[in-house]
Structures are given as C-alpha cells and as structure tokens.
2 protein chains.
Amino acid sequence: MWSTFRGMVSSRPRQAPGRRPATDLGAIERAAFRLFAVRGFEETTVDAIAEAAGIGRRTLFRYYPSKNDIPWGQFEAGLAHLRAFLRATPLDIPVHRAVHQAVLDFNHLDEAAIPQHRERMRLLLTTPALQAHSALKYAAWRAVIADYTAERYGLSPHDLLPRTVGHVSLGMALSAYEQWLDTEDASLPALLDAALAGLRHHLCEEPA
Amino acid sequence: MWSTFRGMVSSRPRQAPGRRPATDLGAIERAAFRLFAVRGFEETTVDAIAEAAGIGRRTLFRYYPSKNDIPWGQFEAGLAHLRAFLRATPLDIPVHRAVHQAVLDFNHLDEAAIPQHRERMRLLLTTPALQAHSALKYAAWRAVIADYTAERYGLSPHDLLPRTVGHVSLGMALSAYEQWLDTEDASLPALLDAALAGLRHHLCEEPA
DNA sequence: TTCCTTTTTGGCCCTCGGTGTCATTAAGTA
DNA sequence: TACTTAATGACACCGAGGGCCAAAAAGGAA
C-alpha cells in the first residue's frame, strides 16, 4: 500500500561525499499528523510542523514541495507499485478486470494499517485545501490507468476511452472511500466491488 | 450554459437604501481573461486584475472569494439550471438516461460561445492551481447528480450508488472535455456520447 | 591533522493570496 | 439638512512558498 511508510532517510548510494542527510521523513510525517489531529490541518502552520519535527522550515520545504503534500506520504512509490502490478497482469485477463484488480491491490490494507489509513484519508477527503490539492495526485494515478488501458486496447493514452477509464476508475474508488469513511462496518475491498457492480447495473442492465 | 455571463451587477431588489454597487462583474472577468491570455494565470497578480478592472483589490475579493474562482464565472447559476433540468425530467425516463441528458444540456454551447468556452476550459484544465481548485467546484456538481440519483432510486445521497454515479458522470464529462481541447474537429456533445458508449462497451460487453 | 570538496541544513528576505478593520463615499429616507 | 444603509478601498497583518547564501558535516588527499 502506498500509504505505508517504508524506505530510509535517503536512497542515495552510500559512499558519497558530503554531509549525510540528518532528516527523517517518517518523523516529519508523524509530527505533522500529530499536530493535524490536535489543531486541524489549516490551523497548523508549516513553522509549527518544522519545529515539532526539530528541523528548519526551509528544510521541510526541501523534502515536501508543499504543506499539502505531507499527508500524501510516499504516494509516488504507490504509483510505481500500481504500474508494476498492471505490467505483471496476464494479457488474457479482460482489461476491465485487470484494472479492477489493480485498484483492489492498490488499496489493499493490512489490518494493522487500517486506523492510520482511515485518518489519512479522512484528512485528505474532508479538508478543502487537500481536496483541491488531491486533484493533482489523482491526475498521476489516472495516467497510470490510462496508459495501461491504452496499451491493452492498442490506443494512444490521449484517446478518449483510456482517459474515460482512468477518470471512471478513480471515480469509483473515491466513492468507495467516501462510503468507507462514513460507515464503520464495510470493508474497503467490498465497497470497491460494490461500486463497480452498482455502476454496471446502473449503466447496462436498465432499459435503454 | 453556465459559462455564459448573464445577469446584472447585482440582483438586490431595487429601492434599497445605501450606495448602489458600482462594480461590474462582467468587466472584472473580461479584464482578468485578457491578462491571463497575455501573461498566464499564475503570473497575473490579483493586484493587476483589480487595477485593470479599475477597482480596489479588496473590492475584487468581495466579489470573488479567491483568484481561482474568477475563471469559473457564474458556475453556481449553472448548477441551479442543472438541478432544474433534472427536476423537470419525466420519471419514466431511466435514471442513467436522465443524467446523461442533463450532462448534455449542462454542456450545451451556442456556436458563438464556443471560442470563449474553449479558452475558459483550457485555462481550467491545464493550469495546476486551477486543476486543484476545480475539485471543490466539481464536488458541488457531483452533489447535484448524486441528489437526483438518490431520489430516483429511493436512496440517501450518501449511499454508495448515488455517489458513484456522481463521480462517474463527472469523470466521463472531464475525459470528453480533455479530448475536446486536444482535438480541433470533434464536437462536445459527440464526445460526451462517445465517452458513455465507450465506457458501456468497456464495462459491460466484454467477457467477465 | 589540515585543507579541499561535496552535500545538507537553515537563516534571511521577498512575493503574493487572502482576511479583518475601519474610515469614506454614495445613495435613499425622514 | 440630518439620518440610515450599503459599497468601496486603504491599511495592516498572516501564512505559504521560493531565491539566495553562509554555516555545518561529512568524505578524501596532502
């Protein structure tokens, strides 16, 4: 899962000259989430996060391009995993099934990671500034889906169908997440399945 | 169409006491778009827009809650129209058809309005800050679709299916718009139809 | 050890979007 | 003319973000 923090302070090949990074990405994220939980996202200043993490404000901005990026954690790594999952999918599996499986895999959670992921997603989906910023993250996610869909169908990623599949896959995932946050009981995979099943019924099994 | 500027300076019932508004919303929008076209959105400061419109910076912020809202024009009016269209749709029309017709109506353009609307959408869909801000506008649009879908299906607007229909309808519309901006030839209604047809084929007419 | 090089760090200062406050101005009414 | 109400915009302030650069912390070479 993309939200799981893994990886060291830096992946620079050891043996390099110069000062070694002393900044711990995980520590920044933890400090930030602690502050967000207490004071809320908008009310927490970047200065406060930097101070809580024991680093300079300028250093924080060297690790995160913006305050809005902090709650996203290692999202890029998650995208790479998503790409790899799709690349490894056998070609005899229909495209829509391949994409759905990839979405399920992308959003798979270990039991222990659920509470933190809930908190992260609650923050991302209910904070206006983050709802807005998320559009940029979503665009990269959609591109992964669109690229795969285009390749499987022999189209360009800029054609209509791949783009539509990207948008619609994201839409289903987001509606499942919103539902997941609203209800205590349902599981995320079940909601992702239900979103797809509901959409198919809505679009395809009604009188035209 | 929501993008068409109509309506007067203010809709306050005449006969009210106090100074009458001297600010012309249309003039602000025109001045802003002129600057955006020349310098780009990010490079145009709010001060520059206010000066070009001949008003104070503070006054501009009284008419637009943020710089990002300027390119959206009278979007709220468009939402009201969308709601009215759906309310007026006969109940014997299947939900998915009603929604699709509403989307077509919402995005209907008079021939003469096409160039300006292209420019507006190009700005909204290619400027990162606006892509992000759009998420908030889209949420309101989705809510209209979700509310209608919920009512027709006898569900709560917070149930999974209405939310999914909202997200997916938006996704199709956005992929159609992206395609529309990329190509010179295709018409917007044709692309909206094609997005829906493509999705149905992708999801429903393939081996399970 | 001392110098030299490389890289991280963070301090300083600036720009710009956005907001609260408040005096001023332009209306209508008594 | 005096009073009320509403729009305007000047001023001051805050926070995000970025450019610049000097100080720190590593390595290797003399």
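Within every chain, numbering begins at 1; the chains are lettered A, B, ... in the order of the sequence lines, protein sequences first and strands thereafter.
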Between A/Y153 and B/H202, what is the ring plane arrangement, given parallel below 30°, perpendicular above 60°, and tilted in between?
perpendicular

Whole-Å gap separating [atom2] ([N]) and [atom1] ([X]):
X      : N      : atom1 : atom2 : value
B/D69  : C/dG18 : CG    : C1'   : 12 Å
A/E51  : C/dG10 : CD    : C1'   : 14 Å
A/F61  : C/dT9  : CZ    : P     : 16 Å
A/K67  : D/dA16 : NZ    : C1'   : 8 Å
B/H133 : D/dA16 : NE2   : C1'   : 17 Å
A/R58  : D/dA22 : CZ    : P     : 16 Å
B/I70  : C/dG17 : CD1   : C1'   : 11 Å
B/I55  : D/dA10 : CD1   : C1'   : 14 Å

Q.
Between B/R120 and B/E29 (salt bridge meaning N to carboxylate O under 4.0 Å), is one present in this structure?
A. yes

Would you call B/E151 and B/R87 a salt bridge, using N to O less than 4.0 angstrom?
-> no

Which listed nucleotide ([options]) is nearest to the side chain of [X]?
X     : options                : result
A/V46 : C/dT9, C/dG17, D/dA16  : D/dA16
A/S66 : D/dC20, C/dG17, D/dG17 : D/dG17
A/R62 : C/dT9, C/dG17, D/dT8   : C/dT9
B/A22 : D/dT8, C/dG17, C/dT9   : D/dT8
A/R20 : C/dT6, C/dT9, D/dA26   : D/dA26

Rounded to the nearest 0.5 angstrom, the CZ-OH distance for A/R163 and B/Y177 is 14.5 Å

inquiry  = Check this one for me: any side-chain N or O of A/Y63 less than 4.0 Å away from OP1 or OP2 of C/dT9?
reply    = yes

Check: B/Q179/A/H158 side-chain N/O donor and acceptor closer than 3.5 Å
no

Any donor-acceptor pair under 3.5 Å joining the side chain of A/R19 to the base of C/dT7?
-> no

Do the side chain of A/R57 and the base of D/dG17 come within less than 3.5 angstrom through a donor-acceptor pair of N or O atoms?
yes

Practice problem: Under 4.0 Å between any heavy atoms, over every strand shown, what does B/T59 touch: base, sugar-phosphate, or nothing? Just pick one. | Solution: base

